[in-house]
Q: 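What follows is a single structure, and I will ask about it in a moment.
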Amino acid sequence: MNMAVKVTKFGGSSLASAEQILKMKQIVEADEARKFVVPSAPGKRFKDDVKVTDLLYSLHDAAAHFEETDEIYNQIVRRYTDIRDALGLSIKIEEHLEKMYRDIKTGANEDYAASRGEYLNGLLIADLLGYDFVDAADVIFFDETGSYDAKKTLSILPGALKLHERAVIPGFYGSLPNGKIKTFSRGGSDITGSIVSRAANADLYENWTDVSGFMMADPRIVENPKKIDVVTYRELRELAYMGATVLHEDSIFPVLEAAIPINVKNTNDPENSGTMIIPAIEGRDGAKDGITGIAGKKNFTVITIEKDGMNTEIGFGRKVLTCLEKFGLSFEHMPSSIDTISIVVADIRIRHCIEDLIDEIHSVCQPDSVEVSSNMAIIATVGRGMIRQVGVSAKLFAALAQSHVNVRMIDQGSSEINIIVGVENDDFEKAVKAIYNALV
């Protein structure tokens, strides 16, 4: 019988200091199945500290503008040598730091600079654990457009992993066809962990961070929200997209394809069960009214287009979307009725072209009216059980009314996994509290 394989990814806060890294070591060594470790760069040690990745971006920026770089570089050196010395390791990390510094000063790209945080931390952790070190640039690939190349990666990475009984693979980066380093977006170490889990055909992907899993609402808004014990990939995707930030939303896809569960756990409280993310759940797991979580984001613009007979005009929706496409805009939601259609777009995407977009809509769609509402917040109430529960919407909207929150938009998909409401930015926190208190 083959032994189970677990891939463990540790976030920056879990690896910010020698003390935290020793916690990681205890966790990894407590389970023989933890064969592959994916580290982030050292994060903040305290509130006003600076993440190593941010120092590296600053170093690259200073070098690119021919500004003084030694002070920033020395800060980076101290972070790694302090960790190395406190752990009693003998690795000559200064040699790797000096090479990085030379490369950055002679024109290495920004992604190379940013990736060195994970690369250097990976070297230290591999030395500490006695694991092999596998450079992510040799096994994770991007195509010419800078997009993750799953086909090439999964043709090489599984075989590479089989050569190592235990290994450390740094998160956050891979390589382009020309050999240059390319990073994922921020939070990309989550994606690396997921890719390694897929390639290793892991039984479990453990994502270790500084919280004990997902909460049912943002603890900055709702006091002591309940923990989500079990959540499906689909629900997590909705929650992550709407602002729940424990796990990078794109990290779900590689493990989703292989139906590998994810366990989000707390490095500082390893006995806590955390949140288990699984492909599907048969029936309910006891969540009241089938609600899994509530998440949302501020700063959206809603464009409401009204035209009599819109529902009988063939191609009207296509015309609207063509207008958005002309300005390179994607939309978040598109609720509609017989004579109206609303387009929800993030403020940051639309603010530079709103007037031109409205002119285009008038020209192409010939509407009776176009109304623009900015400073809107979108809140998603997510739950696989809502489809089987009577009265969830009634409770939600009654709670908002009792809290004197004016609902500006409502959207519910046919899957009934979520209910989306749009409210004024100023009502966002009040609305989240009201929904949580009513449904949880």
Side-chain angles (χ1 to χ4, degrees), residues 6-16 20-21 24-25 27-28 34-44 51-57 79-80 83 96 100 110-129 131-142 146 148-150 153-154 156-157 160-161 164 166-176 181-200 202 204-210 240 245-255 260 262-265 267:
K6 295 180 182 178
V7 172
T8 59
K9 178 265 174 182
F10 289 87
S13 59
S14 299
L15 305 172
Q20 288 297 100
I21 290 174
M24 175 277 303
K25 182 175 185 286
I27 288 167
V28 171
R34 292 176 177 134
K35 293 186 173 185
F36 300 109
V37 177
V38 177
S40 297
K44 290 185 177 184
K51 298 177 181 178
V52 165
T53 300
D54 290 334
L55 289 172
L56 289 164
Y57 278 122
R79 287 295 297 271
Y80 285 106
I83 290 171
H96 300 279
M100 173 199 77
E110 184 180 64
D111 282 14
Y112 170 84
S115 74
R116 296 305 86 181
E118 278 72 12
Y119 174 83
L120 293 163
N121 219 23
L123 290 171
L124 290 173
I125 289 167
D127 192 41
L128 176 68
L129 295 174
Y131 279 27
D132 297 337
F133 177 82
V134 177
D135 190 349
D138 297 332
V139 292
I140 292 179
F141 303 99
F142 294 81
Y148 166 59
D149 190 337
T153 299
L154 293 176
I156 292 174
L157 181 55
L161 294 178
H164 306 276
R166 302 181 181 278
V168 172
I169 306 98
F172 191 36
Y173 71 94
S175 60
L176 292 162
I181 297 294
K182 176 77 176 71
T183 61
F184 292 102
S185 61
R186 285 288 184 119
S189 292
D190 289 340
I191 303 174
T192 304
S194 187
I195 291 168
V196 172
S197 298
R198 174 74 178 86
L204 182 67
Y205 169 30
E206 293 182 331
N207 192 293
W208 293 86
T209 179
D210 56 4
T245 57
V246 173
L247 195 66
H248 193 293
E249 61 193 70
D250 291 339
S251 68
I252 299 167
F253 292 114
V255 291
I260 296 168
I262 306 171
N263 195 187
V264 178
K265 300 196 69 174
T267 304

Q: Assess the pair Tyr119 and Phe133: is the distance between their ring centroids shorter than 6.0 Å?
A: yes

Q: I need the minimum non-hydrogen distance between Ala167 and Val134, along with the two atoms involved.
A: CB-CG2, 3.9 Å

Q: Would you say that Phe142 contacts Ser175 through its side chain, given a criterion of any heavy-atom pair below 4.5 Å between the two side chains?
A: no

Q: Quick one: does any side-chain atom of Glu110 pair with a main-chain N or O of Tyr57 as donor and acceptor, under 3.5 Å?
A: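 A pair under 3.5 Å: no.
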
Q: Starting at CD1 of Ile156, measure out to CD1 of Ile140 and round the result to the nearest 0.5 Å.
A: 11.5 Å

Q: Which residues satisfy the ring pair (Phe, Tyr, Trp, His ring centres under 6.0 Å) test with Tyr131, sequence neighbours excluded?
A: none

Q: Rounded to the nearest 0.5 Å, how far does CH2 of Trp208 lie from CG of Leu15?
A: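 So the CG of Leu15 and the CH2 of Trp208 are separated by 12.0 Å.
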
Q: Roughly how far, to the nearest 0.5 Å, is the OG atom of Ser197 from the CD1 atom of Ile262?
A: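 The distance works out to 7.5 Å.
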
Q: Measuring from atom CG of Leu120 to atom CG of Leu56, what distance do you get when rounded to the nearest 0.5 angstrom?
A: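 It comes to 7.5 Å.
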
Q: With the side chain counted from C-beta on, respond yes when Ser40 and Lys9 share a heavy-atom pair under 4.5 Å apart, and no when they do not.
A: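 Answer yes - side chains close enough.
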
Q: Between Gly193 and Val7, what is the shortest heavy-atom contact and its length?
A: O-CG1, 3.8 Å

Q: Hey, does Tyr148 have a side-chain heavy atom less than 4.5 Å from the side chain of Lys182?
A: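 They are not in contact (no side-chain heavy atoms under 4.5 Å apart), so the answer is no.
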
Q: Only one of Thr8, Val168, Leu128 clears side chain to side chain contact (heavy atoms under 4.5 Å, CB included) with Val28; which?
A: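 Result: among Thr8, Val168, Leu128, Thr8 is the only option passing the side chain to side chain contact (heavy atoms under 4.5 Å, CB included) with Val28.
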
Q: Could you walk me through whether Phe10 and Ile27 satisfy the side-chain contact (heavy atoms from CB on, under 4.5 Å) test, starting with their C-alpha distance in whole Å, then the side-chain angles of each, then the deciding distance to 0.1 Å, before giving a yes or no?
A: CA-CA 11 Å; Phe10 289 87; Ile27 288 167; 4.0 Å; yes

Q: Quick one: are Leu124 and Asn121 in side-chain contact, heavy atoms under 4.5 Å?
A: yes

Q: Regarding Arg116 and the six-membered ring of Tyr173, is the cationic atom NZ or CZ under 6.0 Å from the ring centre and inside 45° of its axis?
A: yes

Q: Under the salt bridge (Lys or Arg N to Asp or Glu O under 4.0 Å) rule, collect the residues that match up with Lys265, sequence neighbours excluded.
A: none

Q: Could you tell me whether the side chain of Leu161 reaches within less than 4.5 Å of the side chain of Ile169, counting heavy atoms only?
A: yes

Q: Apply salt bridge (Lys or Arg N to Asp or Glu O under 4.0 Å) to Lys44 and list each qualifying residue two or more places apart in sequence or on a separate chain.
A: none

Q: Any side-chain heavy atom of Val139 sitting closer than 4.5 Å to one from Val196?
A: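 No; the side chains remain at least 4.5 Å from each other.
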
Q: Which heavy atom of Ile83 sits nearest a heavy atom of Ala16, and at what distance?
A: CD1-O, 4.3 Å

Q: Please report the closest heavy-atom contact between Asp111 and Thr183, naming both atoms and the distance.
A: OD2-N, 3.0 Å

